[in-house]
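Data block below; observations after.
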There are 2 protein chains.
Amino acid sequence: MLSFDLASLHAGIVDPEMDSMRILSETALRFPDALSFSSGAPYDGNHDLSALTFYIDRYIKHLRERGVPEARITRLLFQYGPVNGLIQDEVALMLKRDEDIDVPAEAIMITHGFQEAALVALRGLFTSPDDVLLAVSPAYVGIRGAARMLDIPVRGVAEGPEGLDPQTVAETARAVRAEGKRVAALYLVPDFNNPSGTVLPRAARQRLLDVAAEEDFVVLEDNPYGLFARDGESQPTLKSLDTRRRVVYLGSFAKSAFPGARLGYLVADQEVTEPSGTVRTLAQTLSKAKAMFTVGSSTLSQAVIGGYLVEHDHDLRSATRELAAVYLERLDTVLAALDEHFPAGGDHGVAWNTPRGGFFLTLTVPFTADLAAMERSARDYGVSWAPMTMFHLDGGGEREIRLGFSNLAPDAIREGIARLARFVTDASKDGATTTPKHPAPEIPEGQA
Amino acid sequence: MLSFDLASLHAGIVDPEMDSMRILSETALRFPDALSFSSGAPYDGNHDLSALTFYIDRYIKHLRERGVPEARITRLLFQYGPVNGLIQDEVALMLKRDEDIDVPAEAIMITHGFQEAALVALRGLFTSPDDVLLAVSPAYVGIRGAARMLDIPVRGVAEGPEGLDPQTVAETARAVRAEGKRVAALYLVPDFNNPSGTVLPRAARQRLLDVAAEEDFVVLEDNPYGLFARDGESQPTLKSLDTRRRVVYLGSFAKSAFPGARLGYLVADQEVTEPSGTVRTLAQTLSKAKAMFTVGSSTLSQAVIGGYLVEHDHDLRSATRELAAVYLERLDTVLAALDEHFPAGGDHGVAWNTPRGGFFLTLTVPFTADLAAMERSARDYGVSWAPMTMFHLDGGGEREIRLGFSNLAPDAIREGIARLARFVTDASKDGATTTPKHPAPEIPEGQA
């Protein structure tokens, strides 16, 4: 009977760091009554099952209005279709309207979420084991995971309170080159980085684009949270400032629509010249990689998202204003609850950052906040969170906690922070080894 | 302005062989009046747009009938969900019923089509540059492409009229080992191989499983066409004979339901032991790769296919009987038309195989059947096809044509073979360099 030791499988699967996401979700399953600050799942209280078929029908209606013959519509939805997708026109209109990104549909590829967009971009741009990916650190685990799957080495560039310092990026690129290697790309989330919540200031955006041109690398801009800035506080995306075509923009509908569709996109308007002299966009050229990952993207997902874009006049910034207010209220609730439980000037040794938006906040605590501590917190105090070490690319974050508040109602946030305060207080006293003095109270159903 | 030469991108994207699929579809676009034998797209004349929302609603009804609370159903469809999928129970019932494959739901992963299933399996099983994939040759281009994306070396094993010879496989595995390398897996389509149409006889199936155990490799069994055998002629899948768990089974709903859903699955019931002693199925362990490719699979696609499975009592063999009859009639029509235009005993120098099912047939011609010849055929004779060289892994097939008949109605097949006969006759006379004596006739709309 064939069986395996885990160690005999690919390094990216063996790597215990790649297990952290699973451990988080398993902990959530094992302690269903724990209030969970551990995930970055978007708010899902606003969904209605009938919306799924409504938006599919809306997209079909849109095709009919554009004069697409009925047989062609049926074929578009049922048959194999163009690898780069069906709804690039709709996404191009949205990008122009929401982000002032002006690219033709040919520069867009529809993908199965951000994750596939990142994978396709990495696959195309990285050609040798000496090609290095720079990534903001701490970073979303998905970028490290995508790189691992393709055996691409990743080097973290530590960010500060205002995100990546372009100068540090330039120095890191030069250090990589001094080793005889090449920086093929830099990954970052300029708006409300996951997990740190940082926002790159306008001047640094411009300077980072200069560094990309000077040091000759591609910028992979990931922007899941940009729509949810406070009114008047939005920064221009790097792609909208990208006069030198240094940026490949990676988008997702997981937060602006819903995650289940698994739909995202890649914007790559760089020209690629083939030996025959034919010139295509990088997005068109990368269709050869996309075809070998998942062929085209689900037509059902594309129809739902296409219908959503059409229904909202391709203006997701307006369509998500209520949602943005939900997230901002939750952020404010977390901050207020932390202020209450860890008052300024106290000797609690607890600190946190105050992001202006996004889904996450970082708490610094006076003890080691590892997965074992998280499990105790979930089991004995009824509150879970994510260790920040999961997100650091080159070590660090041992005494830091990521609090994701996007899918917790304000009442649950207040109760959750109260529980967290009890855990943190006990853990600070005794190195997080004791059991709690008070058992966790009963939790109302469905609140987690 | 950043731009690229194609040669500066990843080898799998530069490789002109990876371009052949695109050239085929571009030729179809450039010559829309040509009757196309070049694709393997399934028959799509039986689809109805209302089916999409019908099956989604059917799946939702099924969840309600099983007592899943409304809020949970909404969350399943909209939110991030289990990476390995929602409908493994339905697929397990289908596998038991259709293929006598008896595996628990935990051994199943739902993927974005066969392509992602292959990619996930390859990623997990291949750990070093010295790990070699054996593949039947000629083979579906998707397997070579998936391997290229992961820099996995592929070695072709030439098949005969009855598919792969287990003895040749064993000898190839030993030759690989003698080079200091390892065969990590063997890929094949035992039932109606694409492009050759071969079916592996029962005894060879058993023997191949013995060889896999003796030479210690995994068998990747791809089975897109098995449902469409003639009544009484179905062979047992390798997986149903797999008492030693040597087989990872790769499935797709592209042919049994429809391609647009981009839904497939992987069956991997092998046990994996983790350092902690925890034992999971290989399918569960590989979820770490799946998470880094596309996270979970589209919930809309899963709902449609889930509803389709439930509606048909998980019995796709019965549900596809009419469809199987459509394909078999088309196969018979191609064979009869070839007999008519290239009569036995003639000096035309043309031969072909007579598969018992599947989507494809191979024509041997007395001239070089390359992409240039195909373009002439499409442009000047109004009929397109695929050069067999595209599918050979180690050369060969220079004078062979793949005829895909799955999405051509019998009348179009008869007209297409008549055109093909004119092209073949002219090309045989003058090495395929002349223009035709007779311009291609007008083609009824929508027939291609």
Side-chain angles (χ1 to χ4, degrees), chain A residues 1-6 9-11 13 18 21 41 44 47 49 52-53 56 60 71 74-75 77-80 112-113 115-116 119 123-124 126-127 145-146 149 244-246 258-262 270-275 282 285 288-289 291-301 304 446, chain B residues 1-6 9-11 13 18 21 41 44 47 49 52-53 56 60 71 74-75 77-80 112-113 115-116 119 123-124 126-127 145-146 149 244-246 258-262 270-275 282 285 288-289 291-301 304 446:
Chain A
M1 199 80 95
L2 177 63
S3 62
F4 298 89
D5 284 327
L6 182 65
L9 301 176
H10 184 261
I13 289 167
M18 286 292 101
M21 291 308 288
D44 58 16
H47 295 307
L49 282 176
L52 299 178
T53 53
I56 290 176
I60 292 170
T74 304
R75 190 161 293 157
L77 285 165
F78 283 95
Q79 192 54 277
Y80 290 106
H112 285 116
Q115 197 64 32
E116 190 182 31
L119 205 69
R123 178 62 307 164
F126 287 72
T127 62
M149 289 302 134
R244 286 161 292 190
R245 295 197 186 152
R246 280 281 154 190
F258 64 101
R262 302 304 320 122
Q270 293 77 12
E271 290 187 348
V272 180
T273 306
E274 302 186 1
L282 182 57
T285 303
K288 282 199 269 184
M292 294 306 157
F293 287 134
T294 66
V295 195
S297 294
S298 163
T299 58
L300 291 148
S301 295
V304 161
Chain B
M1 198 81 93
L2 178 62
S3 62
F4 298 90
D5 285 325
L6 182 64
L9 301 176
H10 183 261
I13 289 167
M18 287 292 102
M21 292 307 289
D44 58 15
H47 295 307
L49 282 174
L52 298 177
T53 52
I56 290 175
I60 291 170
T74 304
R75 190 162 292 157
L77 285 165
F78 283 96
Q79 193 52 279
Y80 290 105
H112 285 116
Q115 197 63 34
E116 190 182 32
L119 204 70
R123 180 61 306 162
F126 286 72
T127 61
M149 289 303 133
R244 285 161 293 189
R245 294 194 187 154
R246 281 280 154 190
F258 64 101
R262 302 304 321 124
Q270 293 78 12
E271 290 186 346
V272 180
T273 305
E274 302 186 0
L282 182 57
T285 303
K288 281 198 271 184
M292 293 307 157
F293 287 133
T294 66
V295 196
S297 295
S298 163
T299 58
L300 291 149
S301 295
V304 162

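Since we're looking at a predicted model, the values are computed, not measured. First the proteins, then the strands, lettered A, B, ... as listed; each starts at 1.
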Is it true that a side-chain atom of B/Arg262 and a backbone atom of A/Thr294 form a donor plus acceptor pair closer than 3.5 Å? yes
So for B/Ile56, is it side chain, backbone, both, or neither that comes closer than 4.5 Å to the heavy atoms of chain A? side chain
In terms of heavy-atom proximity below 4.5 Å to chain A, should B/Ala291 be classed as side chain, backbone, both, or neither? backbone
Given heavy-atom pairs under 4.5 angstrom as the criterion, report whether the side chain, backbone, both or neither of A/Val304 touches chain B. side chain
With only heavy atoms counted, which part of B/Ala41 is less than 4.5 Å from chain A, the side chain, the backbone, both or neither? both
How long is the gap from CG on A/Leu77 to CG on B/Asp44, to the nearest 0.5 Å? 12.0 Å
Is a donor on one side and an acceptor on the other found under 3.5 Å between the side chain of A/Gln115 and the backbone of B/Phe293? no
Which atoms of B/Leu119 are under 4.5 Å from chain A, going by heavy atoms: the side chain, the backbone, both sets, or neither? side chain
Which one, B/Gly145, B/Ser3, B/Ser298, leads in non-hydrogen pairs under 4.5 Å with chain A? B/Ser298
Tell me the closest heavy-atom pair linking A/Gln79 and B/Pro259, and the distance in Å. OE1-CG, 3.3 Å
Chain A contacts, top residue of B/Leu282, B/Thr285, B/Leu6 (heavy-atom pairs, under 4.5 Å): B/Leu6
Within this structure, what is the CZ-CG distance for the pair A/Phe258 and B/Leu300, rounded to the nearest 0.5 Å? 5.0 Å
Under 4.5 Å from any heavy atom of chain A, what part of B/Phe126 do you find: side chain, backbone, both or neither? backbone
Below 4.5 Å from any heavy atom of chain B, which atoms of A/Ala289 appear? Answer side chain, backbone, both or neither. both
Name the option with the most non-hydrogen atom pairs under 4.5 Å to chain B; the candidates are A/Glu116, A/Lys288, A/Gln270, A/Arg244. A/Lys288
Heavy-atom contact with chain A under 4.5 Å, split by part of B/Leu49: both
Report which part of A/Ile13 has an atom under 4.5 Å of a heavy atom belonging to chain B: side chain, backbone, both, or neither. both
With a 4.5 Å cut-off on heavy-atom pairs, point out which of A/Arg123, A/Glu274, A/Arg246, A/Arg245 contacts chain B the most. A/Arg123
